[in-house]
Participant: 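Handing you a structure now.
Counting from 1, the numbers follow the sequence of the chain as shown. Values below: all heavy atoms of this structure, side chains included; hydrogens, waters and symmetry mates excluded.
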Amino acid sequence: MIQRTTRLHKLVRSIGVGSSLSSSSKQLRVHRCFSSVAASNAEQACEQSVESYNVKKNEYADVDWDNLGFGLTPTDYMYVMKCSNNGTFEQGQLNRYGNIELNPAAGVLNYGQGLYEGTKAYRKKDGNLILFRPDQNAMRMQFGAERMCMPSPSVDQFIDAVKQTVQANKCWVPPPGKGSLYIRPLLIGSGPILGLAPSPEYTFLVYASPVRNYFKEGSAPLNIYVEEEYDRASRGGAGGVKSITNYAPVLKALLRAKNRGFSDVLYLDSVNNKNLEEVSSCNIFIVKGNLISTPAAVGTILPGVTRRSIIEIARDLCYQVEERPIPVDELSEADEVFCTGTAVGVAPVGSITCHGKRMEYKTGAQTVCTQLYSTLVGIQTGHIEDKKGWIVEIE
């Protein structure tokens, strides 16, 4: 009885971890867990409450949707799945959103053995929820896992985990036109390892947060600075996979640029320091007449899902699209420049500063960027018929 009471107290404390629920909702869910203790222990009771959790289509969390930015708003549940000793992932489960426990010697903490993905769920006008090309994220994680010597979930396991996470957090999916639910799948080396070697255990988890515009400018044009001192990635490195090790090294240049009033940083290749690579967290495109060009994803550039989608959409709209090395000098000849990514969507660039020279670009309603953005968002939100099989319905 004492052990059961102790577990129950721990359960009550864990319910409040990382949650933005109202006090009445917390009390209701605590009561659900309490009422089942007689039939089982506290942990089983909480699992039962997860399985029975259901929100009506039009029920929303208490969020100021009109002032939603791109920050962490903790939702109710996350999905967790462990890798067994034979290298395959076992059946995962939904847990309350909260802190996770790691050994100090975990591979992800000591050697950076980790990957992440980003995808989004959208709410249609009829209240139904949809995902955009989650299979592409699943396959990209598998590709990255091979590079980082990690096992990875199957495509079906990945998509099922994302679906379950969205369903359990459906009240956090913004109303139509107010944003999306950003979903962050993580694959980490969670087992302890002292010498440099692959981790003996792996954890796949998925959490989510409602978001809107990634940049503080909102939908306004970005002002970008060309970085000449620091590299984002090098040939033969891990720049072409979504490794967690790719992102901390860009913070120095990014913060310096933001302190100077710029939105983000555009990096050049590390060999010759003359060809465009990508922005800190997104791919880049330049437009000249009917020609749209983007750097080829050949190892140092992340092959973005939004990037690939925009290339297909542009070709469908009869634009010529080239994936090739782009010398930085071509920036001065471009009509338009825009960035793409899951978090940023399709963002117009108003200016780029390079070697002290500021170059300005066309933005606004009658641009290629706006046309591509409208088409992409129309498909993602269900306003335009999906003829490519990109949309996955969540039942």
Side-chain angles (χ1 to χ4, degrees), residues 68-73 108 112 114-120 140 144 182 184 186 209 211-235 237-286 294-295 297 299-307 310 326 328 331 334 337-361 363 369:
L68 188 63
F70 198 95
L72 179 63
T73 301
V108 67
L115 297 163
Y116 80 87
E117 279 296 327
T119 186
K120 288 179 177 178
R140 187 169 65 178
Y182 183 85
R184 173 62 61 83
L186 277 167
S209 175
V211 299
R212 204 161 186 178
N213 293 318
Y214 179 79
F215 290 105
K216 68 177 182 179
E217 291 88 348
S219 58
L222 307 177
N223 299 304
I224 291 178
Y225 178 81
V226 175
E227 176 59 40
E228 299 177 75
E229 180 179 359
Y230 297 106
D231 299 327
R232 179 196 163 271
S234 60
R235 186 176 298 176
V241 301
K242 210 164 177 62
S243 166
I244 64 173
T245 55
N246 290 342
Y247 294 90
V250 308
L251 293 177
K252 183 90 170 177
L254 178 59
L255 293 176
R256 184 171 64 179
K258 287 191 173 184
N259 287 336
R260 295 174 179 173
F262 295 99
S263 309
D264 213 322
V265 171
L266 172 59
Y267 294 89
L268 304 178
D269 73 284
S270 63
V271 176
N272 301 308
N273 202 41
K274 73 172 187 178
N275 291 328
L276 306 185
E277 289 269 287
E278 61 180 275
V279 181
S280 300
S281 59
C282 46
N283 299 116
I284 191 164
F285 289 77
I286 67 170
T294 189
T300 58
I301 296 172
L302 186 71
V305 176
T306 307
R307 172 186 180 275
I310 284 296
I326 303 176
V328 66
L331 290 175
V337 177
F338 61 88
C339 298
T340 65
T342 298
V344 307
V346 182
V349 175
S351 74
I352 294 180
T353 299
C354 180
H355 302 309
K357 177 185 176 182
R358 178 184 170 98
M359 296 162 282
E360 297 188 350
Y361 305 101
T363 60
C369 174

Participant: Can a cation-pi geometry be assigned to Arg260 and Tyr225, taking NZ or CZ under 6.0 Å from the six-membered ring centre and within 45° of the ring axis?
Facilitator: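 Positive - Arg260 is close enough to the ring of Tyr225 and near enough to its axis.
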Participant: Under a 3.5 Å distance rule, please check whether Lys274 uses its side chain to pair with a backbone N or O of Leu268 as donor and acceptor.
Facilitator: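 Such a contact is absent between Lys274 side chain and Leu268 backbone.
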Participant: Is any side-chain heavy atom of Val265 closer than 4.5 Å to a side-chain heavy atom of Val250?
Facilitator: no
Participant: Is there a salt bridge (charged side-chain N to carboxylate O under 4.0 Å, His left out) between Lys252 and Glu229 once you walk through the steps?
Facilitator: CA-CA 11 Å; Lys252 183 90 170 177; Glu229 180 179 359; over 6 Å; no
Participant: Between Ser209 (side chain only) and Thr73 (backbone N and O only), is there a donor and an acceptor less than 3.5 Å apart?
Facilitator: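 Between the backbone of Thr73 and the side chain of Ser209 there is a qualifying donor-acceptor contact (under 3.5 Å).
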Participant: Measure centre to centre between the rings of Tyr230 and Tyr267, then say whether the value is under 6.0 Å.
Facilitator: no
Participant: Closest heavy-atom contact between Asn213 and Phe70?
Facilitator: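 Heavy-atom minimum between the residues: O-CB, 3.3 Å.
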Participant: Could you walk me through whether Arg256 and Phe262 pass the side-chain contact (heavy atoms from CB on, under 4.5 Å) check?
Facilitator: CA-CA 9 Å; Arg256 184 171 64 179; Phe262 295 99; over 6 Å; no
Participant: Compare every heavy atom of Pro303 with every heavy atom of Arg140, then report the nearest pair and how far apart it is.
Facilitator: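 Looking at all heavy atoms of both residues, the closest pair is NH1-O, 3.2 Å.
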Participant: Mind checking the CG-CG spacing from Leu186 to Leu115? Nearest 0.5 Å is all I need.
Facilitator: 9.0 Å
Participant: Does the ring center of Tyr116 lie less than 6.0 Å from the ring center of Tyr247?
Facilitator: yes
Participant: Mind listing the closest non-hydrogen atom pair of Ser281 and Tyr214 along with its distance?
Facilitator: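 Taking Ser281 first and Tyr214 second, the nearest heavy atoms are OG-OH, 3.3 Å.
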Participant: First locate atom CG of Asn273, then atom CG of Asp231, and finally report the distance between them rounded to the nearest 0.5 Å.
Facilitator: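 Rounded to the nearest 0.5 Å, the CG-CG separation comes out at 6.5 Å.
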Participant: For Gly112 and Ile244, which heavy atoms make the closest approach, and how far apart are they?
Facilitator: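 Between these two residues, the closest heavy atoms are O-CG1, 3.7 Å.
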Participant: Run the side-chain contact (heavy atoms from CB on, under 4.5 Å) test on Cys369 and Thr363 for me, step by step, so that the C-alpha distance in whole Å, both residues' side-chain angles and the decisive distance to 0.1 Å come before the verdict.
Facilitator: CA-CA 8 Å; Cys369 174; Thr363 60; over 6 Å; no
Participant: May I ask you to decide if Asn275's main-chain N or O and Asp269's side chain share a donor-acceptor pair within less than 3.5 Å?
Facilitator: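 Yes; at least one donor-acceptor contact below 3.5 Å.
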Participant: Passes side-chain contact (heavy atoms from CB on, under 4.5 Å), Ser270 versus Thr300? Steps please.
Facilitator: CA-CA 9 Å; Ser270 63; Thr300 58; 5.7 Å; no
Participant: For the residue pair Leu254 and Asp264, what are the closest heavy atoms and their distance?
Facilitator: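 Distance-wise, the nearest heavy atoms are CD1-OD1, 3.2 Å.
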Participant: State the CD1-CG distance between Ile310 and Asn283, to the nearest 0.5 angstrom.
Facilitator: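 Going from CD1 on Ile310 over to CG on Asn283, the span is 11.0 Å.
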Participant: Spell out, as yes or no, whether a donor-acceptor pair under 3.5 Å connects the side chain of Glu278 to the backbone of Leu302.
Facilitator: yes
Participant: Go through Lys242 and Glu117 one step at a time and tell me if the salt bridge (charged side-chain N to carboxylate O under 4.0 Å, His left out) criterion holds.
Facilitator: CA-CA 7 Å; Lys242 210 164 177 62; Glu117 279 296 327; over 6 Å; no
Participant: Can you tell me how far the SG atom of Cys354 sits from the CG atom of Leu331, to the nearest 0.5 Å?
Facilitator: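 Result: 6.5 Å between the selected atoms.
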Participant: So, Arg232 side chain and Gly239 main chain: donor-acceptor pair closer than 3.5 Å or not?
Facilitator: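 Yes, Arg232 side chain to Gly239 backbone: donor-acceptor pair under 3.5 Å.
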Participant: Can you tell me how far CD1 of Ile352 sits from CG of Leu222, rounded to the nearest 0.5 angstrom?
Facilitator: 9.5 Å
Participant: Give, for atom CG of Leu266 and atom OG of Ser280, the distance between the pair rounded to the nearest 0.5 Å.
Facilitator: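 Atom-to-atom, Leu266:CG and Ser280:OG are 9.0 Å apart.
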Participant: Would you name the heavy atoms of Phe338 and Pro348 that are closest together and state the gap between them?
Facilitator: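 Smallest interatomic distance, heavy atoms only, reads CB-CA, 4.2 Å.
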Participant: Pairing donors with acceptors under 3.5 angstrom, does anything connect the side chains of Ser351 and Asn223?
Facilitator: yes
Participant: Go through it in stages, so that I can follow the logic: the residues are Ile224 and Val279, the test is side-chain contact (heavy atoms from CB on, under 4.5 Å), and I'd like the CA-CA distance, side-chain angles, deciding distance and then a yes or no.
Facilitator: CA-CA 9 Å; Ile224 291 178; Val279 181; 4.2 Å; yes
